[in-house]
Amino acid sequence: MNIYIYIIRRLAYLIPVLLGVCLIIFLLFNVVAGDPTAVLLGKHPTAKQMAELRHELGIDKPMVYQYLDIVKSAFTFDFGRSWATKQQISSMLKRGALPSLTVSVPAFVLATILAISISLLVAYFRGKFIDKAVVFVCVMLMSISSLVYILFGQWALAYHLGVFEIAGYDEGFPNFIPYVLLPILIWVVISVGPDVRFYRTVMLDEIYQDYVRTARAKGVGEKMILFKHVLKNAMIPIVTFVIIRIPFLILGALLIESFFSIPGLGGITLKAINNNDFPVIKAMTVLSAVAYMVFSVVTDVVYTVVDPRVRLK
Amino acid sequence: MDNVAVLDGELIIDEGPKSKSLWRHAFDTLLKDKVAVISFIVVSIYALLAILTATGMLAADWAKEVGSSYSPPSAEHIFGTDIFGRSVLAKALVGTKIAMSIGIVTATISVVIGVFLGAIAGYFGGKTDEVIVWFYTTFSSVPDIMLLIAITLILGKGLFAVYLALGLTSWVTVCRLVRGEVIRHKDREYVQAASAIGGSHFRRLFIHILPNIGHIMIINFTLLFQTAIKSEVILAYLGLSVQDAPSWGKMIDDSKLELARGVWWQLVAATLFMFGIVLAFNLVGDAVRDALDPKLKGK
C-alpha cells in the first residue's frame, strides 16, 4: 500500500476518536459535573442572574449544541473565556506554551541523551555487576514519588544551599535560564530511572538477534556491534518512544511548573483545577488529546518509513 | 502432549521429572531468586501491617495527641510528631493500610476491565474489536490527570473516588496487551481442539485461552499496584485524596510547608514507607516477569 494512502487513512481514523474524546469531555463536564452557575455566582444568586449567566456561558443551549461547541473548539482552538480570569483562553495558552517549552525541551533532550548513554553502557556490561547495579539504582529512583524529588530538591538545593532560584520566572532569552535550571535537573532525575530501563530493554532485545551473532562471528568488535549494529536498529523503538512524548512536552509538567511558579501550560492547568475553571480544563484536555492523536499518527508513519520490515495494513 | 500416552484405552500419564509446567518452572525460578524472595517477604510484612491497622490492633489511636507539636524523632516517637502532636509513625501505619487498599482495589479494577475488554475484542474481532479499539484509543487520548480530576469532581472526594479514578484510568495498557495475546492464541490448535469437542465461545476464551496469558495479568497487576500508590500522591497534592485519614500522599503534601521550618520527619517517614513497598513490588514484578515470560526464557 502507498504510504500517502496510509497517512490519509490514519488521519481519517482520527475523526471518530476525536468525536469520542469530545464526547467524554462533554459527558464529564457538561452533563455529570452539574450546573456551575451556583458556584460562580457566590452565595445568593437570583434565578434571573443564574439564567443570564447560563446564557453567557452557553450552557442553556440544547445538549447537542453544547457537544458540537466542544467539537468545534477542537478545530478552531477557540475555547472561549476562562471563568476565573475572564481572559481569552487561546491567548492564555499561547503565552503559556513558551515557558513550558523552556523547561521541558532541554530537560527532555538531556534526559534522553543521558538515558540512552547509560543504557548502551549497561547493554555492554549486560549480566555483569554494573548492569545489575544500574538497574537496581533505577528501580530505587522510581520508588520515590516525584513530589518528593520536587519538594526535597527545592528545599535542599534552592532554599537551604541557595545554589538555584527557589521559584519564579523571567521572560526573554538569557533571563529565564537561572529559573529553569533546577526544574530541568529535577525532571532529569525523575525520568532517568524509567527511561534507562526502557532503553535497556530495547538494546537487549536487539543484542540477542541473529544479525548480532553474525557480526560477532565475522569478528566485529563488541563496541562496533553496539554502536553500529545495535544502536542503529534500536533507533526504531527509540524514535517512536521519543515522538510520542512530544505532546507532553508542550503541556509541560504540572507539578514542576506549579512548584517553581513557571507560568507555563502545566501551571495554568493546575490553577484551573484548583479554581474549578471548567473551560480551561476542557481546553487543555482537547488540546492535549489532539496533540497526542496527531503525534501517534506521526509515530506510526515514522515507524513504517524507518523500518522496512513493517508492512502497511 | 508427549507425556500422555493412551495404551489399550487406558490413559497413562507419565509425570517425568523433566517436563515442568510454566507455573511450576516459574515458581522454582522465583524461589532461587534471592531478591525476589526478600521482596516477597517485604510485601507480606506490609500486608500484615495493613491488616493489623485495619483491624485496629495497630495505630488505632493515631488521631490522639501524644506529644508537643512538631517534636523531632526520639526514642519514644521514632518519626516524631506532626503539627497536632500526633505520632507520625502511627499516621504512616494508617497510610500503609490506605496505600495497600488503593493498590489492590485499583489494580484489580484495571486488570478486570482490561482483561475483559481486551479478551472480547481479540477473540471476536470484527465490529466488536473495532468498537473496543475505538473506545480505548479515545480513552487513552485524554490525559490521565484530566480524567482523574473529572472523576473525583463527579464522585466527590474520598477513598472510593480514588479507587475508581485510578482504576478507570489505568486499564488501557492491559486491554491492549491482552487483546494482542488473545489474537495470537485464538487460532492455535488447543483452541481449535476445544472448539471441536463443542466448547462454547465463553469456554474457549475464559477456560482455555485466558489461563495461557495469565502472566500478563500478574505482571501488570504488580505494575499497576505500585503505580497506583505513586499516583495517590499526585491526587493528594491536588487535594483530591482521602479526606479524614492520613495517606502517604497527604503526609508528603503536608511537608511542603513544614520543610522550610526544618520539620523533615513527616516527609522522610512517608517516603521511606512508600519506598519500601514500591521497591519491593517493582522487584517482585521484575522477577515474576523474568520467570513467567516465555520470551525471556534462557536469557
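Sequence lines set the chain letters: A, B, ... in the order given, protein chains first and strands last, and positions in each chain run from 1.
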Assess whether side chain to side chain contact (heavy atoms under 4.5 Å, CB included) is satisfied between Lys256(B) and Phe259(A), documenting all intermediate values.
-> CA-CA 10 Å; Lys256(B) 69 179 178 232; Phe259(A) 266 92; 4.1 Å; yes
Walk me through it: do Phe152(A) and Thr271(B) pass the test side chain to side chain contact (heavy atoms under 4.5 Å, CB included)?
-> CA-CA 11 Å; Phe152(A) 184 76; Thr271(B) 306; over 6 Å; no
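For the set Leu267(B), Ile145(B), Leu279(B), Asn282(B), the entry with the most heavy-atom pairs within less than 4.5 Å of chain A is Leu279(B). With chain A as the partner, the residue from Trp248(B), Phe275(B), Phe135(B) showing the most heavy-atom pairs under 4.5 Å is Phe275(B). When each of Val278(B), Leu259(B), Ile277(B) is checked for heavy-atom pairs under 4.5 Å with chain A, Leu259(B) comes out on top. No other option in Ala260(B), Ala280(B), Gly249(B), Ser255(B) has as many heavy-atom pairs under 4.5 Å with chain A as Ala260(B). Here Met140(A) is the residue among Met140(A), Lys282(A), Met293(A) with the most heavy-atom pairs under 4.5 Å with chain B.
If you measure heavy-atom distances from Leu151(A) to chain B, the contacts under 4.5 Å come from both the backbone and the side chain. Residue contact with chain A, scored on non-hydrogen atoms closer than 4.5 Å, involves the backbone and the side chain of Val133(B) alike. For chain A, the nearby parts of Ser140(B) are the backbone and the side chain; heavy atoms of each come within less than 4.5 Å.
Counting heavy atoms of neighbouring residues, nucleotides and ligands inside a 6.0 Å radius, atom OH of Tyr211(A) exceeds 12 of them. The number of heavy atoms from other shown groups lying within 6.0 Å of CZ (Phe40(B)) does not exceed 12.
Counting only heavy atoms from C-beta outward, the side chains of Ile144(A) and Met274(B) never approach each other to under 4.5 Å. Using a 4.5 Å heavy-atom threshold, the side chains of Ile234(B) and Leu254(A) count as separate. Looking only at side-chain heavy atoms (C-beta outward), Tyr237(B) and Leu270(A) come within less than 4.5 Å of each other.
Lys230(B) places no side-chain N or O within donor-acceptor distance of the main-chain N or O of Ser146(A), the cut-off being under 3.5 Å.
At a heavy-atom separation below 4.5 angstrom, chain B is approached by Tyr13(A), Pro16(A), Val17(A), Gly20(A), Val21(A), Ile24(A) within residues 13-27 of chain A.
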Pair up each side-chain donor or acceptor in residues 92-102 of chain B with any protein partner under 3.5 Å, not counting sequence neighbours, and list the distances.
{"unit_1": "Thr96(B)", "atom_1": "OG1", "unit_2": "Ala92(B)", "atom_2": "O", "d": "2.8"}
{"unit_1": "Ser101(B)", "atom_1": "OG", "unit_2": "Ile98(B)", "atom_2": "O", "d": "2.9"}
{"unit_1": "Ser101(B)", "atom_1": "OG", "unit_2": "Tyr163(B)", "atom_2": "OH", "d": "2.9"}

